[in-house]
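What follows is a short report on a single structure.
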Amino acid sequence: MKIYISGPMSDLPKFNFPAFDAAAARLRALGHEVFNPAEKDREKHGDNFAEMNAAGSIPEATAKGFNLGDALAEDCRWICKEAEAIYMLHDWESSSGAKMEHLLARCMRLKFFYEDTL
């Protein structure tokens, strides 16, 4: 199954990449194809992207070349064109981006998995 990982990133240490990476590893071990936004950001901005911005600050990341609009557009495209399911990380409700992805996945009638209930 093709699964998109969604959760809070902004203003969290290292953009919460460790939680995204752990979820991706678990899902891949079960045989799923995974879109991990943390991996996409590292691919686009370098392996040390999160370490360079330990506080998870979007303005600081933007000053270093990150573009939130481009990131969200790519994420939304994958949800709409590729995903069969979405995996919501703990505390996703605190993130405006994750809430938007949740709503988009609902509109696309994807399957839902929640870290807190697995």
Side-chain angles (χ1 to χ4, degrees):
M1 183 178 305
K2 294 180 177 182
I3 303 175
Y4 179 89
I5 300 173
S6 178
M9 290 181 134
S10 300
D11 301 322
L12 291 174
K14 297 183 180 181
F15 287 109
N16 205 22
F17 281 13
F20 280 81
D21 293 339
R26 284 192 304 273
L27 293 168
R28 288 182 179 127
L30 295 171
H32 300 292
E33 180 180 332
V34 175
F35 184 97
N36 175 357
E39 292 171 349
K40 178 201 48 138
D41 288 343
R42 282 192 294 261
E43 180 182 305
K44 193 166 195 170
H45 302 286
D47 287 337
N48 62 348
F49 176 72
E51 286 73 22
M52 290 182 352
N53 189 344
S57 166
I58 294 293
E60 187 177 329
T62 300
K64 296 176 182 173
F66 177 77
N67 183 297
L68 182 59
D70 289 346
L72 289 174
E74 189 173 341
D75 296 345
C76 289
R77 188 212 64 77
W78 206 90
I79 291 169
C80 290
K81 298 292 188 179
E82 303 290 335
E84 299 169 306
I86 189 165
Y87 182 88
M88 306 304 297
L89 291 173
H90 170 74
D91 202 27
W92 69 269
E93 301 96 331
S94 70
S95 165
S96 58
K99 288 190 285 189
M100 179 270 308
E101 292 165 347
H102 187 271
L103 180 59
L104 181 57
R106 186 166 304 285
C107 290
M108 296 302 300
R109 294 173 168 70
L110 302 182
K111 293 179 184 172
F112 283 83
F113 301 102
Y114 297 88
E115 181 178 43
D116 292 336
T117 60
L118 292 180

Quiz prompt | side chain to side chain contact (heavy atoms under 4.5 Å, CB included) involving S10 - partner list, sequence neighbours excluded | solution = I58

Quiz item: Can you name the side chain to side chain contact (heavy atoms under 4.5 Å, CB included) partners of R77, sequence neighbours left out?
Solution: K81, E82

Side chain proximity check, [X] to [Y], heavy atoms < 4.5 angstrom:
{"X": "D75", "Y": "K40", "answer": "yes"}
{"X": "I86", "Y": "M108", "answer": "no"}
{"X": "E115", "Y": "W92", "answer": "no"}

Quiz item: For F20, which residues count as a ring pair (Phe, Tyr, Trp, His ring centres under 6.0 Å) partner, sequence neighbours excluded?
Solution: none

Looking only at heavy atoms, what is the nearest atom pair of [X] and [Y], with distance?
{"X": "S57", "Y": "D11", "value": "CA-OD1, 4.3 Å"}
{"X": "M1", "Y": "A85", "value": "SD-CB, 3.5 Å"}
{"X": "M9", "Y": "A38", "value": "CE-N, 3.9 Å"}
{"X": "K14", "Y": "A50", "value": "O-CB, 3.4 Å"}
{"X": "A98", "Y": "M88", "value": "O-CE, 3.7 Å"}
{"X": "A19", "Y": "L89", "value": "O-CD2, 4.0 Å"}

Rounded to the nearest 0.5 Å, what's the gap from [atom1] on [X] to [atom2] on [Y]? Could you check?
{"X": "S95", "Y": "N16", "atom1": "OG", "atom2": "CG", "result": "9.5 Å"}
{"X": "H102", "Y": "L110", "atom1": "NE2", "atom2": "CG", "result": "10.5 Å"}
{"X": "I5", "Y": "E39", "atom1": "CD1", "atom2": "CD", "result": "7.0 Å"}
{"X": "L27", "Y": "I3", "atom1": "CG", "atom2": "CD1", "result": "4.5 Å"}

Exercise. Measure from the ring center of Y4 to the ring center of F35 and say whether it is less than 6.0 Å.
Key: yes

Self-check item: side-chain contact (heavy atoms from CB on, under 4.5 Å) assessment of K64 paired with F49
Solution: CA-CA 9 Å; K64 296 176 182 173; F49 176 72; 5.9 Å; no

Exercise. Please list, chain by chain and in numerical order, all residues satisfying side chain to side chain donor-acceptor pair (under 3.5 Å) with D41, sequence neighbours excluded.
Key: none

Self-check item: For H32, all residues meeting side chain to side chain donor-acceptor pair (under 3.5 Å), sequence neighbours excluded
Solution: none

Quiz prompt | M100 with F66, same ILVMFWY side-chain cluster at under 4.5 Å | solution = yes

Quiz prompt | Mutual orientation of the aromatic rings belonging to F15 and F17 [parallel < 30°, tilted 30-60°, perpendicular > 60°] | solution = tilted

Quiz item: Would you call D21 and R42 a salt bridge, using N to O less than 4.0 angstrom?
Solution: yes

Self-check item: Residue pairs passing the salt bridge (Lys or Arg N to Asp or Glu O under 4.0 Å) test where at least one lies in residues 89-114, sequence neighbours excluded
Solution: none

Quiz item: Counting heavy atoms not belonging to E60, are there more than 12 under 6.0 Å from its CD?
Solution: yes

